[in-house]
Amino acid sequence: MLEITTIRQNPSHVIERLGAKNFDKAAQAITDILALDAQRRAVQQQLDDARNQNKTISEQIGKLYKQGNQQQANELKQQVNTINDNIRQLEANMGSIEQQLDAQLVQLPNLPHQSVPLGKHPDDNQVVKTSGTVPTLHPNAKPHWDLVTQYNLVNFEIGAKITGSGFPLYIGKGARLQRALINFFLDEAIAAGYTEYLPPHLVNEASAYATGQLPDKEGQMYHATADNLYLIPTAEVPLTNIYRDVILKQDELPVKLTGYTPCFRREAGSHGIGTRGLNRLHQFDKVEIVQIQHPDNSYQALEEMLQHVEGLLTKLGLPYRVLRLCGGDMSFTSALTYDLEVFSAAQQQWLEVSSVSNFETYQANRLKLRFRDTETKKNILAHTLNGSALALARIVASLLENNQTPNGITIPQALQKYTGFDIID
RNA sequence: GGAGGUUUGGCAGAGUGGUCGAAUGCGGCGGUCUUGAAAACCGUUGUACCGAAAGGUACCGGGGGUUCGAAUCCCUCAGCCUCCGCCA
């Protein structure tokens, strides 16, 4: 959520930046918000005054009772009753204003960073780098959804029988490859200074709200209604919520966390081309990296995280490209996002395997995640960042496709000590 | 799932209706003393909102209620602890 002070101090800048994110009616929204903000402050002043009167007189009543002066005390009670009627009205007023203000603020997306390219569609994303070479496949090369059947690595039909479509069943070397990738990614993150966590896979409403899944993306999460818990769509939610309502010491920054979790996404309404096989699932595995940073360092940290993910792809020998997302394609909560896509040679398609974002203070504001500035002694909202490092299913898809040979599918060198085998045949 | 207990500031721990935002201790920060450190002593030490400031308001697990007045009484929800049941 944007900070009200930012809006108050520089409304025209906010409107301009919201425009860069293709947010309609930014000017109207900001006008409404400023009006509500002014109302809120005026009403609060009145409320504070009224409460002060209540307190002062109540103290007097206490003293009068001690002196045994019942009659005068009763007179004052009448006065307080009138004040209390006023307080009740002001409170109701205040509640409604705050509700409206909150409803408006929650609808504002984060402001995009200056370097974010303008645009509305994925075509407007900027390719900032392309790396690695696309392999030349043999004549009988197949897309991964055929390979997994040929080598009995994944069975979608049985997954569908057990649960439903989009819940694959990994088998034998297919399952071991998943496990190997998870361990590889976690070890790499630990080596880069991240602390490993194994968080809960269901979260409560407050957590989902704090990282921005609620209220915007309600329908995209699985909801366990009996207990009002949500299945996590990404480890970002539990990992970032570790630091909800926390005030860090400045020297505790940066905080670097990593964790593996399965991720659950309803992906309501998305079917068809580009969703075959492992390309798009309701459940997939992912290792996430999260950083909590001083505002001065967050963009440098973003570049480091990008490099970390690039390093993983390089070690796996996968051709990839880095996109800087345009305003229209970025997530609601992000200020700057890099997407990393690998080229899956048999389906001749770029697959998004990672998204690395700086949220600046947008999440921290909802989380109430701050640090105490050693100089000014003030509590300042921290910057939060996260990235996939990496999402497994699509990595598996491209590994299988790109590394297939007439004799089997080869395992990248870096992964072999984790898999315990070097070929799937 | 059943029964009981508990939830107060960074931590420990008082407070059971009237200057309580909250005693005291520990910890933290600043200072005196010291060659330096420790000890001792003195001071200071929660968060948020409104306000130019003075100052004001809210917060004692969350929400609601009673009262002129609630950390304190009532209702309700949640967390933690103990015992029982069930169970990987």
Side-chain angles (χ1 to χ4, degrees), chain A residues 1-9 33-102 104-106 198-210 214 224-230 238 241-253 255 262 361 363-382:
Chain A
M1 192 152 66
L2 293 179
E3 294 163 83
I4 187 71
T5 48
T6 310
I7 298 170
R8 204 187 290 153
Q9 280 161 14
I33 286 168
L34 288 175
L36 284 165
D37 181 48
Q39 272 182 57
R40 197 196 95 243
R41 285 186 285 166
V43 173
Q44 177 165 353
Q45 195 64 259
Q46 293 172 46
L47 235 189
D48 287 355
D49 286 349
R51 280 175 172 154
N52 182 239
Q53 286 175 43
N54 172 309
K55 269 179 104 164
T56 314
I57 299 175
S58 292
E59 272 172 33
Q60 285 177 33
I61 293 173
K63 282 177 192 160
L64 289 171
Y65 269 121
K66 273 187 183 152
Q67 292 163 14
N69 194 341
Q70 286 237 355
Q71 198 192 337
Q72 207 180 334
N74 285 333
E75 282 169 27
L76 286 180
K77 277 193 195 178
Q78 291 304 312
Q79 261 190 57
V80 179
N81 280 330
T82 315
I83 293 166
N84 281 347
D85 286 345
N86 190 24
I87 287 177
R88 264 185 283 277
Q89 258 181 28
L90 288 166
E91 277 174 347
N93 203 209
M94 189 70 169
S96 129
I97 290 167
E98 279 182 332
Q99 213 174 6
Q100 289 175 58
L101 188 56
D102 201 52
Q104 292 267 357
L105 281 172
V106 156
L198 203 162
H201 297 169
L202 279 82
V203 294
N204 58 29
E205 233 177 328
S207 293
Y209 178 81
L214 293 177
T225 50
D227 298 286
N228 198 24
L229 297 173
Y230 293 88
N241 269 284
I242 295 169
Y243 286 90
R244 171 151 50 91
D245 288 319
V246 167
I247 301 173
L248 293 161
K249 297 189 185 101
Q250 188 169 333
D251 61 18
E252 289 178 288
L253 297 174
V255 173
T361 59
Q363 280 186 335
N365 193 30
R366 280 201 206 180
L367 286 161
K368 297 202 182 70
L369 165 53
R370 292 158 294 175
F371 69 93
R372 191 169 185 81
D373 188 293
T374 37
E375 303 251 317
T376 64
K377 308 270 188 201
K378 294 207 165 168
N379 295 325
I380 300 174
L381 291 173

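The shown structure was predicted, so the numbers you read here are calculated from the model rather than taken from an experiment. Chain identifiers are assigned alphabetically (A, B, ...) following the order of the sequence lines, protein sequences preceding nucleic acid strands; residue numbering begins at 1 within each chain.
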Requested in this report: Using a 4.0 Å heavy-atom cut-off across all strands, classify D49(A) as base, sugar-phosphate, or nothing.
Outcome: nothing
Requested in this report: Report which part of the nucleic acid I61(A) touches: base, sugar-phosphate, or nothing (heavy-atom distance under 4.0 Å, all strands).
Outcome: base
Query raised in the report: Taking all non-hydrogen atoms of both residues, which atom of A50(A) and which atom of I87(A) are closest, and how far apart?
Result: CB-CG1, 3.6 Å
Report task. In whole angstrom, give me the gap between the C1' atoms of rA22(B) and rC81(B). Result -> 26 Å
Query - Pair assignment for rG27(B), Watson-Crick or G-U wobble, requiring both distances under 3.5 Å - result: rU45(B)
Query raised in the report: rG9(B) and rA14(B): how far apart are their P atoms, nearest whole angstrom?
Result: 13 Å
Query raised in the report: 5' to 3' on RNA chain B, which nucleotides open and close the contacts with chain A (atom under 4.0 Å from a heavy atom)?
Result: rG18(B) to rG69(B)
Query raised in the report: Do the side chains of D102(A) and M1(A) get nearer than 4.5 Å, heavy atoms only?
Result: yes
Report task. Could you tell me whether the side chain of T82(A) and the main chain of Q78(A) form a donor-acceptor pair under 3.5 Å? Result -> yes
Report summary line: By nearest-heavy-atom nucleotide on RNA chain B, the more 5' of R40(A) and K63(A) is K63(A)
Query raised in the report: Does rU82(B) pair with anything, Watson-Crick or G-U wobble, both distances under 3.5 Å, and if so, with which nucleotide?
Result: rA3(B)
**Report entry** C1' spacing across the pair rU47(B) / rG61(B), given as an integer number of angstrom
**Finding:** 16 Å
Query raised in the report: Which part of the nucleic acid, if any, lies within contact of R88(A), taking any heavy atom under 4.0 Å across all strands shown: a base, the sugar-phosphate backbone alone, or nothing?
Result: nothing
Query raised in the report: Do L248(A) and L253(A) have side chains that get closer than 4.5 Å, going by heavy atoms?
Result: yes
Report task. Mind checking K55(A) for me? I need base, sugar-phosphate or nothing, with any heavy atom below 4.0 Å counting as a touch. Result -> sugar-phosphate
Query raised in the report: Contact class for N379(A) (heavy atom, under 4.0 Å): base, sugar-phosphate, or nothing?
Result: sugar-phosphate
Requested in this report: Return the nucleotide paired to rA54(B): Watson-Crick means purine N1 to pyrimidine N3 with N6-O4 or O6-N4, wobble means G-U with N1-O2 and O6-N3, both under 3.5 Å.
Outcome: none
Query - Distance between C1' atoms of rC41(B) and rC49(B) (Å, rounded) - result: 39 Å
Report summary line: Smallest heavy-atom separation, R366(A) atom then A210(A) atom, equals CB-O, 3.4 Å
Report task. State whether a side-chain donor-acceptor pair under 3.5 Å links Q60(A) with T56(A). Result -> no
**Report entry** Watson-Crick/G-U partner (both atom distances under 3.5 Å) of rA71(B)
**Finding:** none
Query raised in the report: Heavy atoms under 4.0 Å, any strand shown: does E59(A) hit a base, just sugar-phosphate, or nothing?
Result: nothing
Query raised in the report: What is the pairing partner of rU66(B), taking Watson-Crick or G-U wobble pairs with both distances under 3.5 Å in any strand?
Result: none
Query raised in the report: So which nucleotide does rA14(B) pair with, by the Watson-Crick or G-U wobble rule with both distances under 3.5 Å?
Result: none
**Report entry** RNA chain B: 5'-proximal contact among N52(A) and L76(A) (nearest heavy atom)
**Finding:** N52(A)
Report task. Taking N379(A) for its side chain and R370(A) for its backbone only, find out whether a donor-acceptor pair lies under 3.5 Å. Result -> no
Query raised in the report: Do the side chains of N365(A) and L2(A) get nearer than 4.5 Å, heavy atoms only?
Result: no
Query - rA39(B) to rU34(B) separation - C1' atoms, rounded to the nearest Å - result: 11 Å
Report summary line: Mate of rG21(B) across any strand shown (Watson-Crick or G-U wobble, both atom pairs under 3.5 Å) is none
Requested in this report: Write down the distance separating the C1' atoms in rG4(B) and rG17(B), rounded off to the nearest Å.
Outcome: 27 Å
Query raised in the report: Does any nucleotide pair with rC33(B) by Watson-Crick or G-U wobble geometry, both distances under 3.5 Å, and what is it?
Result: none
Query raised in the report: In whole Å, what separates the C1' atom of rA48(B) from that of rG21(B)?
Result: 13 Å
Query raised in the report: How far, in whole Å, is rC11(B) from rG62(B) if one measures between their C1' atoms?
Result: 23 Å
Requested in this report: Check whether any side-chain heavy atom of R8(A) sits under 4.5 Å from a side-chain heavy atom of R41(A), and report yes or no.
Outcome: yes
